[in-house]
2 protein chains.
Amino acid sequence: MAPSLDTIFAALSDPTRRAILTMLLEDDMAVTDVAEPFEMSLAAISKHLVILANAGLIAQEKRGRVKWCKLQPDALREASVWMQGFGQFEAINLDAFERFLETELAPADLPGPDEEPGEEASGR
Amino acid sequence: MAPSLDTIFAALSDPTRRAILTMLLEDDMAVTDVAEPFEMSLAAISKHLVILANAGLIAQEKRGRVKWCKLQPDALREASVWMQGFGQFEAINLDAFERFLETELAPADLPGPDEEPGEEASGR
DNA sequence: TCCATGTTCAACCGAAGGGTTGAGAATGCC
DNA sequence: GGCATTCTCAACCCTTCGGTTGAACATGGA
C-alpha cells in the first residue's frame with residue numbers, strides 16, 4: 001500500500017522513531033542492534049520498525065535469522081514535497097541547516113537536543 | 001515554548017489539520033470560516049487549531065470577537081530541514097552539503113502551487 | 001537433535017487523540 | 001439592557017498508541 005502522508009507524519013512524530021532513522025542514516029542495521037541503545041524492550045522497537053516500514057520510511061529484508069533495516073528516503077521526499085507546497089519558504093536558511101547538522105551529527109547520542117530517549121548508541 | 005519536532009510532526013499527521021494549513025495558504029481566516037467546509041463541530045476545529053498553534057504552525061490573533069488564524073511557516077521550515085537531511089544524503093558527507101547548498105540557492109519560483117483545499121477534508 | 005539467537009505475536013495496561021455535546025465567556029450591534 | 005455571534009471549556013466516549021511481559025516461531029550451529 002502506498003503510504004499516506006498521515007502515516008508518514010505520524011511515524012515521524014515519535015522521537016524514538018526519528019532516532020532510529022538517524023541511526024540508519026549511517027548504516028543498515030539488524031533489529032537487535034537498532035534496539036540496543038534504547039531503554040525499552042525489543043518488542044517495542046520491533047513495533048516501531050513496523051510503523052516505519054508501513055510508512056515506507058524503511059525497508060526490512062530478512063537474511064537468515066537476521067532482519068536488516070534500511071533507510072528508504074522516498075517517503076520522506078514525498079512529505080518534503082508536500083511541505084514545499086507552502087511557498088513561504090523561499091529557501092531553507094543556513095541557520096536551520098546548521099541546527100540540523102548539530103542534531104544529526106552529534107557524536108552518538110541519537111536523541112536531538114529536543115528530547116532524550118535512550119542513551120549512547122554504541123557504534124554498532 | 002519552542003515547538004518540538006514531536007509536536008510539529010504530530011500536528012501534520014492529521015488530514016484535517018493539513019487541510020486547514022492548505023486553506024490558510026490562501027488567506028488568513030477566522031475560526032468559524034475555517035470550520036465551515038468540514039463536517040465536524042466547531043469545537044473540534046477549535047481543538048485542531050490549538051494543536052496547530054502549539055506546534056507553531058499557525059498564529060492566532062484575536063480582533064474583536066473574531067480570532068484570526070495565520071499560517072506561520074517557521075515550524076514547517078524546521079521540520080523540512082530535518083527531512084531534507086534524509087532526502088538529500090545517502091550518508092552524511094560533504095557532497096551532501098554541496099547538494100544542500102544547491103537546493104538552498106535554487107530560485108524561489110513558486111508563489112505556492114494552487115492546490116484545492118477540499119481534497120481530504122472530511123476524513124474517516 | 002538440542003539449544004541459543006533473532007524476531008514477532010498476543011494479551012494486556014495506562015495515557016493520549018479525536019470526536020461529541022452543552023454550558024459559558026467575550027464581544028458587537030440594536 | 002438584551003440578544004446574537006464567536007469561540008473555548010468541561011465532561012464524556014471510544015479508539016489508537018506506546019509500552020510491558022511471556023510465549024511462540026524461525027533459523028543457525030554444536
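Hydrogens, waters and symmetry mates are skipped; everything else that's a heavy atom, side chains included, is used. Naming: A, B, ... by sequence-line order, numbering from 1 per chain.
When the side chains of ILVMFWY residues are joined at heavy-atom separations under 4.5 Å, either directly or via intervening members, A:Val34 and A:Met40 end up in a single hydrophobic cluster. Put simply, A:Leu49 and A:Leu25 are part of the same group of oily side chains (I, L, V, M, F, W, Y) that touch within less than 4.5 Å, one to the next. By the rule that hydrophobic residues join a cluster once side-chain heavy atoms approach within less than 4.5 Å of another member, B:Leu42 and B:Leu24 end up as members of one cluster.
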Base-contact (B) and sugar-phosphate-only (S) positions in nucleotides 24-30 of chain C, heavy-atom cut-off under 4.0 Å, - elsewhere: ---BB--

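Between A:Thr16 and A:Phe38, the shortest heavy-atom distance links the atoms CG2-CE2, 3.8 Å. Counting all heavy atoms, side chain and backbone alike, A:Gln60 lies closest to A:Cys69 at NE2-SG, 3.7 Å.
Judged by atom type and distance alone, B:Lys47 does not reach the base of C:dG17 through any side-chain donor-acceptor pair under 3.5 Å.
Between A:Ser46 and C:dT8 there is a side-chain polar atom (N or O) within less than 4.0 angstrom of OP1 or OP2. OP1 or OP2 of C:dT20 sits under 4.0 Å from a side-chain N or O of B:Ser41.
Formation of a donor-acceptor pair under 3.5 Å by the B:Thr22 side chain with backbone atoms of B:Arg18 is found in this model. Side chain of A:Arg17 to main chain of A:Ala11: a donor-acceptor pair is present (N/O by atom type, distance under 3.5 Å, no hydrogens or angles).
Across D:dT8, D:dG19, C:dG18, the shortest atom-to-atom separation from the side chain of B:Ile51 is found for C:dG18. In this structure, the nucleotide among D:dG18, D:dT8, D:dC7 sitting nearest to the side chain of B:Gln60 is D:dT8. Side-chain proximity of B:Asp14 to C:dT7, D:dG18, C:dG18: nearest is C:dG18. For A:Leu42, whose side chain is taken as the heavy atoms from C-beta onward, the closest listed nucleotide among C:dT7, C:dT20, D:dT20 is C:dT7.
Rounded to whole angstrom, the span from the CG atom of A:Leu52 across to the P atom of D:dC17 amounts to 13 Å. If you take CG of B:Asp33 and C1' of D:dT5, they are 12 Å apart, rounded to a whole angstrom. If you take CD1 of A:Ile45 and C1' of D:dT21, they are 16 Å apart, rounded to a whole angstrom. When the P atom of C:dA16 is taken as reference, atom CZ of B:Phe9 falls 21 Å away, rounded to whole Å. Distance CD (B:Glu36) to P (D:dC7): 13 Å, rounded to an integer number of Å. Rounded to whole Å, the distance from CG on B:Leu49 to P on D:dT8 is 7 Å. Atom CZ in B:Phe38 sits roughly 14 Å away from atom C1' in C:dG18 (whole-Å rounding). Distance CE (A:Met40) to C1' (C:dT7): 17 Å, rounded to an integer number of Å.
Using a 4.5 Å heavy-atom threshold, the side chains of A:Ile51 and A:Thr7 count as separate. At a threshold of 4.5 Å between non-hydrogen side-chain atoms, the residues B:Glu61 and B:Lys70 do not count as touching. You'll find the side chain of A:Phe9 stays beyond 4.5 Å of the side chain of B:Asp14, heavy atoms only.
Between A:Thr32 and B:His48, it is A:Thr32 whose nearest contact on DNA chain C lies nearer the 5' terminus.
Inter-axis angle, ends of the helix from C:dT1-D:dA30 to C:dC30-D:dG1, five pairs per end, rounded to 10 degrees: 20°.
Counting non-hydrogen atoms under 4.0 angstrom, B:Ala43 reaches a base of the nucleic acid.
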